[in-house]
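Here is how names work: the chains are called A, B, and so on, in the same order as the sequence lines, proteins then strands, and each is numbered from 1. Model, not experiment: these values are computed from the prediction.
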Amino acid sequence: MINLQFFARYREQLDCEAEQLPWDASLQTLADVRQHLLARGEQWQVLAEPRIMCARNQELCSLEALIADGDELAFFPPVTGG
Amino acid sequence: MINLQFFARYREQLDCEAEQLPWDASLQTLADVRQHLLARGEQWQVLAEPRIMCARNQELCSLEALIADGDELAFFPPVTGG
Amino acid sequence: MRIAVQQQAFDPGEWLNRLQGDNQGTGAVVGFVGYVRDYNDGDPVAGMWLEHYPGMTEKALQGIADQASERWPLLDVQLIHRVGQLDPGEPIVFVGAASAHRQAAFAATEFIMDYLKTRAPFWKRETTPQGERWVESRESDEQALERWSSQP
Amino acid sequence: MRIAVQQQAFDPGEWLNRLQGDNQGTGAVVGFVGYVRDYNDGDPVAGMWLEHYPGMTEKALQGIADQASERWPLLDVQLIHRVGQLDPGEPIVFVGAASAHRQAAFAATEFIMDYLKTRAPFWKRETTPQGERWVESRESDEQALERWSSQP
């Protein structure tokens with residue numbers, strides 16, 4: 001199982017803050033997971049933004065990072081704290 | 001009349017915090033005044049330090065600054081505040 | 001070192017004073033305070049809501065503070081960031097560093113802010129006369145980060 | 001803008017908090033605090049006496065703060081420096097700047113400190129086990145000043 005989280009503008013536009021995705025060995029990287037989500041249709045195209053940020057197990061990573069069963073993955077727009 | 005002031009280490013080593021010097025048109029710059037003081041003897045050689053700082057009328061200036069009757073001149077070691 | 005993420009208001013002056021601690025080897029303390037401004041991008045701002053990624057936020061801030069401590073001889077780091085609803089004029093964030101000399105304290109505080117702005121999972125949504133809007137990240141913040149990869 | 005030179009102790013946190021004032025256009029405040037350390041140049045320091053040049057000191061500090069205000073878009077500057085007898089651990093100086101964005105507040109505060117260290121007429125005499133000694137100026141402080149002549 002993969003635990004997915006979305007934050008800020010993505011969370012609002014997807015109307016989804018978290019979901020679980022069954023583990024699927026064909027999803028090797030965060031980019032694969034993103035592609036899987038984009039294939040769901042129009043509403044998910046917000047994740048196509050080039051400046052998307054992501055985290056694996058609560059650490060920033062690149063879209064090319066490898067994932068494993070049980071991971072917590074998050075997608076979010078560029079951060080704006082401080 | 002020229003009002004002279006000395007601070008910190010110079011004030012202590014000269015045992016002098018202020019003195020008045022009669023106005024003398026031959027003393028054109030702070031360097032001239034310094035030379036005049038150095039000529040007084042051994043005790044005054046502290047003013048020969050290359051890193052000496054000086055002020056004319058309470059503004060930092062170079063030793064080459066021109067002076068005028070009534071000026072307040074000050075000589076002091078490099079500052080160490082903050 | 002102390003790192004906090006909280007909804008409650010805080011007093012920046014108290015956080016600044018805490019940096020010296022009981023350490024009389026501290027010669028220099030630098031503190032930064034970020035406040036909610038009452039306008040942004042040309043529009044008046046009536047309020048702000050700060051979202052974050054619970055769990056990751058604290059780890060990210062700790063990681064940034066640790067990096068600063070490895071890079072400069074710091075005696076203390078203090079960092080607090082608010083989340084939730086804020087009014088204009090309220091402090092959002094305090095970051096401070098203590099050191100024997102001022103260069104390290106200045107550099108570390110700027111470094112932490114530059115990383116916080118671009119790497120810590122916070123998002124601002126502000127209330128304007130046109131409604132709610134998410135604050136856009138600034139290119140200048142990414143640029144500010146770049147200098148730390150070359151500079152010692 | 002407020003500039004003070006005084007014998008009495010002060011509270012750095014109060015001075016930091018004052019920088020925002022009632023100005024809700026203030027987004028960033030940076031404060032620097034210098035403290036008396038309990039050692040210097042390898043010797044324990046039991047106390048410090050700060051001499052200054054009354055009259056010139058205030059003008060010099062005002063001039064430095066004015067220069068900073070011309071160079072960066074500042075909303076406020078606050079500066080206080082103590083003179084007379086101080087104990088280890090006591091604050092000597094507070095310098096702070098307020099601005100809409102953080103870069104100006106950081107740069108202005110560093111600029112003011114660099115100039116204060118090398119251009120304002122203060123002299124430190126410290127008490128060590130070997131007796132009283134005047135603190136020597138540091139070459140690194142002169143070097144810190146140089147960057148402001150090239151950089152914007």
Side-chain angles (χ1 to χ4, degrees), chain B residues 1-21 27 29-31 33-34 37-38 42-82, chain D residues 5 32-37 40-41 48-64 79-84 86 91-95 109-126 131-142 144-145:
Chain B
M1 201 72 82
I2 299 292
N3 299 288
L4 278 178
Q5 301 206 31
F6 305 99
F7 290 95
R9 186 158 47 76
Y10 295 174
R11 176 182 54 69
E12 280 189 354
Q13 290 182 4
L14 300 173
D15 195 18
C16 173
E17 77 183 37
E19 70 162 278
Q20 292 200 314
L21 212 59
L27 302 178
T29 66
L30 280 96
V33 174
R34 180 203 203 189
L37 296 170
L38 289 172
E42 190 57 41
Q43 190 188 356
W44 293 82
Q45 300 315 304
V46 61
L47 299 182
E49 287 188 350
R51 295 180 67 215
I52 192 172
M53 290 178 79
C54 53
R56 177 181 174 236
N57 297 329
Q58 305 190 345
E59 283 198 20
L60 286 185
C61 64
S62 79
L63 285 164
E64 283 66 47
L66 295 170
I67 62 175
D69 193 10
D71 275 359
E72 173 175 315
L73 306 181
F75 292 101
F76 41 83
V79 301
T80 55
Chain D
V5 178
F32 170 85
V33 195
Y35 292 92
V36 182
R37 290 186 299 137
N40 191 28
D41 283 339
M48 176 173 286
W49 189 75
L50 257 152
E51 179 165 336
H52 77 126
Y53 183 170
M56 175 170 166
T57 315
E58 293 79 358
K59 281 184 214 172
L61 297 177
Q62 184 72 52
I64 295 167
L79 197 168
I80 180 168
H81 201 296
R82 288 187 65 188
V83 292
L86 282 84
I92 305 173
V93 59
F94 175 89
V95 170
T109 306
E110 280 199 83
F111 174 94
I112 293 171
M113 276 310 300
D114 286 347
Y115 273 81
L116 187 157
K117 282 264 180 190
T118 50
R119 299 290 182 262
F122 295 103
W123 300 273
K124 287 173 180 162
R125 195 182 62 199
E126 57 193 15
E132 306 276 318
R133 71 179 179 201
W134 291 97
V135 172
E136 288 295 318
S137 65
R138 307 193 324 155
E139 183 58 33
S140 61
D141 285 328
E142 275 297 331
L145 200 61

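Of the atoms belonging to D:Arg119, heavy atoms from both backbone and side chain fall under 4.5 Å from chain B. Both the backbone and the side chain of B:Ala8 come within less than 4.5 Å of a heavy atom in chain D. Only the side chain of B:Glu12 comes within less than 4.5 Å of a heavy atom of chain D; its backbone N, CA, C and O stay farther away.
Contact of the D:Trp134 side chain with the D:Trp49 side chain is registered, since non-hydrogen atoms from C-beta on lie closer than 4.5 Å.
Residues from residues 55-64 of chain D that place a non-hydrogen atom less than 4.5 Å from a non-hydrogen atom of chain B comprise D:Gly55, D:Met56, D:Lys59, given in numerical order. Contact residues of residues 75-82 of chain B toward chain D are B:Phe76, B:Pro77, B:Pro78, B:Val79, B:Thr80, B:Gly81, B:Gly82 (heavy-atom distance under 4.5 Å).
Counting non-hydrogen atoms of neighbouring residues, nucleotides and ligands closer than 6.0 angstrom, the CG atom of B:Asp69 exceeds 12 such neighbours. Dense packing is recorded around CD of B:Gln45, with more than 12 heavy atoms of other residues, nucleotides or ligands lying under 6.0 Å away.
Nearest heavy-atom pair, D:His52 versus B:Phe7, reported as atom, atom and distance to 0.1 Å: O-CE2, 3.5 Å. D:Val93 and D:Val95 make their closest contact through CG2-CG2, 4.0 Å (heavy atoms, listed as atom of the first residue, atom of the second, distance). Nearest heavy atoms, B:Ile2 versus B:Gly70: CD1-N, 4.4 Å. When all heavy atoms of D:Leu116 and D:His81 are compared, the pair lying nearest together is CD2-CD2, 3.9 Å. In this structure, B:Trp44 and B:Leu37 approach most closely via the heavy-atom pair CB-O, 3.3 Å. Between B:Arg56 and B:Leu73 the shortest heavy-atom distance is CG-CD2, 3.8 Å.
Heavy-atom pairs under 4.5 Å with chain B peak, among D:Glu136, D:Met113, D:Arg125, D:Lys124, at D:Lys124. Ranked by non-hydrogen atom pairs under 4.5 Å with chain B, the options D:Asp141, D:Thr118, D:Ile92 are led by D:Thr118. The residue among D:Phe122, D:Phe32, D:Trp123 with the most heavy atom pairs within less than 4.5 Å of chain B is D:Trp123.
Remark: B:Leu63 CG to B:Arg34 CZ distance equals 5.0 Å, nearest 0.5 Å.
Using modelled atom types and a 3.5 Å distance limit, the side chains of B:Asn3 and B:Gln20 yield a donor-acceptor pair.
Salt-bridge check for B:Arg51 with D:Glu142: failed, with every basic side-chain N at 4.0 Å or more from each acidic carboxylate O.
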